[in-house]
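For the single chain, residues carry numbers from 1 onward in sequence order.
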Amino acid sequence: MDLQRPDVDMVVWGRRIPATWEGALTNCSQAPSALTLAGTPSEISDSLVNPALQQDWSPLILTDVRDLSALFGALTGGVRQHIQLITPSREETAFELPPDALRLICAYGSAGPEWCGSQNPKSGIVSTLTPFAVAFIKGAAEGKPGCLHRLPVNIANGARPGPVLVMDTISP
């Protein structure tokens, strides 16, 4: 419900996950090549049962992506979605605004995406999403600020962050 408020740029669902997920996915540091899908939630669900994907990606992650796609579809009225499941590079990424009406981000590793409540990350407070939390980030409306965010940066000991799900609405 908070997503409908005009003064709210981001809502975080700090969900509790089963212990088996945490053990299986927290140390997940390398994923297969990036997965990119586009379509309605039902088309995405159908694509995620592809045997090649099942072989490359953890069934836990694919099931969660399917479920989050369905939830995202319910929140957005079933509009088409663009989904990326990627492992961020070791290089620092720039802060950005979501391109469309709504973005969902979830990290499946030991580091989460970062966001800044200020339009200037150098002077604002930068916060980090906990692993497995889901952030719903509104795109910037015309002439209004949005929520700056970026994919995880390097974490302690040079370890790589695990896979990150980025889901956007696709404008008709």
Minimum heavy-atom separation for [X] and [Y], please, with both atom names.
X	Y	result
P41	G78	CD-O, 4.0 Å
M10	A135	SD-CB, 4.3 Å
H149	I105	CD2-CD1, 3.2 Å
G14	A133	CA-CB, 4.2 Å

Rounded distance (nearest 0.5 Å) linking atom [atom1] of [X] with atom [atom2] of [Y]:
X	Y	atom1	atom2	answer
L71	W13	CG	CH2	6.0 Å
L68	I61	CG	CD1	11.5 Å
R150	T128	CZ	OG1	8.5 Å
Q84	L165	CD	CG	9.5 Å

Considering only heavy atoms from C-beta outward, does the side chain of [X] approach that of [Y] to under 4.5 Å?
X	Y	result
E43	D46	no
L102	I137	no
I125	S127	yes
I44	I83	yes
R66	S45	yes

Subject >> Trace of the side-chain contact (heavy atoms from CB on, under 4.5 Å) decision for Y108 with I17 >> reply: CA-CA 11 Å; Y108 295 103; I17 58 159; over 6 Å; no

Original post:
Given the rule that I, L, V, M, F, W and Y join up when any side-chain heavy atoms are under 4.5 Å apart, are V79 and L104 in one cluster?
Top reply: no

Subject >> Single-linkage hydrophobic cluster, 4.5 Å side-chain cutoff, L60 and M167 together >> reply: yes

Subject >> Derivation of the side-chain contact (heavy atoms from CB on, under 4.5 Å) call for L35 and L62 >> reply: CA-CA 10 Å; L35 170 63; L62 294 178; 4.2 Å; yes

Original post:
Going by distance alone, is a donor N or O of one side chain under 3.5 Å from an acceptor N or O of the other, for Q81 and S69?
Top reply: yes

**OP:** Go through N50 and L48 one step at a time and tell me if the side-chain contact (heavy atoms from CB on, under 4.5 Å) criterion holds.
**Re:** CA-CA 5 Å; N50 179 326; L48 289 171; over 6 Å; no

Subject >> Evaluation steps, side-chain contact (heavy atoms from CB on, under 4.5 Å), between L129 and W115 >> reply: CA-CA 8 Å; L129 228 96; W115 79 91; 3.4 Å; yes

Original post:
Is it true that D168 and R103 have a side-chain N and a carboxylate O under 4.0 angstrom from each other?
Top reply: yes

**OP:** Quick one: sort the F136 and F72 rings into parallel, tilted or perpendicular, breaks at 30° and 60°.
**Re:** parallel

**OP:** Run the numbers on D64 and R15 for salt bridge (charged side-chain N to carboxylate O under 4.0 Å, His left out), then give the verdict.
**Re:** CA-CA 12 Å; D64 195 50; R15 62 188 177 154; 2.6 Å; yes

